Amino acid sequence: MKARGSLKEVLATAIRPFVGIGGRGDSRWRQFWSFACLSAQVPQLDPSVIVLGMPELHGTRRIEFGRNLYLYRDLHLETRDSGVIRIGDGVVLSRGVHLVAFEGIEIGAGSLIGEYASLRDANHRFGPGMAPRHSGHDARAISIGCNVWIGRGVTVLPGVHIGDGAVIGANAVVTRDVAPASVVGGVPAIPLQRGRRS
């Protein structure tokens, strides 16, 4: 009986944002279904979260979602070992974003993560005669401040802290900390001058 009650609660929470939508087509029902599926997998998902497609969830599923999120399709969210993913209020995760946490990934409120960005807080150990697949991992937490804009295709490596209001240019590889309100780009990412014209 308890399982049925909890399923009713999940469905009631999931359907609340869609009551009375009538006639808005398949996309709204897919959104409803994606929200319901994610609610069943991750407890306490706020009804204000918009889910355009059920994310792929892997590992322990230690994920904390804030309010008023916008989650695009094809997300990959993975937590291993003691890793936790914490997503603040008002965050947008664009299509194809990968978040993989063995220790922790924290994304501050109001941040925007562009399409196909990858944030991974661990690397495989490697060395002579070691098979990377079975060598274990070395992890260092990633911290993204508030109102950060991470462009399309960006890679953020383990141990990086990105300060509030920073902008990371498309396809950058972020290997070290980024100061608040700065603009960086390139491989590896370095500070860029604002307002420069060629």
Side-chain angles (χ1 to χ4, degrees), residues 10 13-14 16-17 31 34-122 139-170 172 174-184 189:
V10 167
T13 300
R16 194 173 302 124
Q31 183 179 327
S34 298
F35 182 93
C37 290
L38 186 57
S39 291
Q41 299 293 318
V42 179
Q44 300 167 342
L45 186 67
D46 192 85
S48 65
V49 175
I50 295 173
V51 186
L52 299 185
M54 176 61 187
E56 282 186 46
L57 301 177
H58 297 273
T60 62
R61 299 179 183 182
R62 287 191 192 109
I63 306 168
E64 298 173 13
F65 291 98
R67 299 168 52 94
N68 298 309
L69 306 180
Y70 204 92
L71 306 178
Y72 280 85
R73 295 174 48 202
D74 304 324
L75 303 180
H76 176 104
L77 307 176
E78 182 174 350
T79 53
R80 301 284 178 184
D81 298 341
S82 60
V84 178
I85 296 172
R86 291 185 175 92
I87 303 170
D89 294 345
V91 168
V92 175
L93 298 181
S94 299
R95 187 172 187 165
V97 167
H98 279 58
L99 304 178
V100 180
F102 281 72
E103 186 170 319
I105 295 175
E106 186 161 350
I107 301 172
S111 291
L112 170 62
I113 313 295
E115 297 92 342
Y116 308 105
S118 176
L119 288 70
R120 296 170 183 263
D121 75 352
R140 290 181 295 139
I142 292 172
S143 173
I144 309 299
C146 296
N147 302 312
V148 171
W149 180 11
I150 294 179
R152 179 186 175 100
V154 168
T155 299
V156 179
L157 297 183
V160 167
H161 171 76
I162 299 176
D164 294 348
V167 177
I168 314 299
V174 186
T175 61
R176 64 184 79 177
D177 291 354
V178 176
S182 61
V183 179
V184 303

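Since the structure is predicted, the reported quantities are computational estimates derived from the model, not experimental observations. Quick note: residue numbers are just sequence positions, from 1.
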Verdict with supporting geometry, I63 and L99, side-chain contact (heavy atoms from CB on, under 4.5 Å): CA-CA 10 Å; I63 306 168; L99 304 178; over 6 Å; no
Candidate pair F65 and V91, rule side-chain contact (heavy atoms from CB on, under 4.5 Å), full reasoning: CA-CA 9 Å; F65 291 98; V91 168; over 6 Å; no
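With contacts defined as side-chain heavy-atom distances shorter than 4.5 Å, the pair H76/V100 qualifies. Within the 4.5 Å cutoff, the side chain of V148 has no heavy atoms near those of the V178 side chain.
Side-chain N or O atoms of S94 include one that pairs as donor or acceptor with a backbone N or O of I113 at under 3.5 Å. H161 places no side-chain N or O within donor-acceptor distance of the main-chain N or O of G159, the cut-off being under 3.5 Å. Of the possible donor and acceptor atoms, one in the side chain of S111 sits under 3.5 Å from a partner among the backbone N and O of G145. Side-chain N or O atoms of D89 include one that pairs as donor or acceptor with a backbone N or O of R67 at under 3.5 Å. One N or O on the side chain of D121 and one on the backbone of G104 form a donor-acceptor pair closer than 3.5 Å. A distance-only check finds no donor-acceptor pair linking the side chain of R80 to the backbone of H58 [under 3.5 Å]. A donor-acceptor distance shorter than 3.5 angstrom exists from the side chain of R140 to the backbone of P158, with no hydrogens or angles considered.
Distance CG/L93 to CD1/I87: 5.0 Å, rounded to 0.5 Å. Atom-to-atom distance recorded for E78:CD and L57:CG is 10.5 Å, nearest 0.5 angstrom. Taken from OG in S182 to CG in D164, the straight-line distance is 11.0 Å, to the nearest 0.5 Å. Note that OG of S143 and CG of D177 are 9.0 Å apart. Values are rounded to the nearest 0.5 Å. Taken from CD1 in I144 to CD1 in I105, the straight-line distance is 8.0 Å, to the nearest 0.5 Å. The line from CD1 of I142 to CD of E106 is 12.0 Å long, rounded to the nearest 0.5 Å.
Among I50, L52, L38, the single residue meeting the side chain to side chain contact (heavy atoms under 4.5 Å, CB included) criterion with L71 is L38. Tested against V174, the residues I150, V154, L119 include a single side chain to side chain contact (heavy atoms under 4.5 Å, CB included) partner, V154.
Looking only at atom types and distance, the side chain of S118 has no donor-acceptor partner in the side chain of T155 under 3.5 Å away.
When all heavy atoms of M54 and S34 are compared, the closest pair comes out as N-OG, 3.4 Å. Shortest non-hydrogen contact noted between A172 and A189 is CB-CB, 4.2 Å. Scanning both residues, P47 and F35, for their nearest heavy atoms gives CA-CZ, 3.7 Å.
Ion pair E64/R86 flagged as a salt bridge, since at least one NZ, NE, NH1 or NH2 atom sits closer than 4.0 Å to an Asp/Glu carboxylate oxygen.
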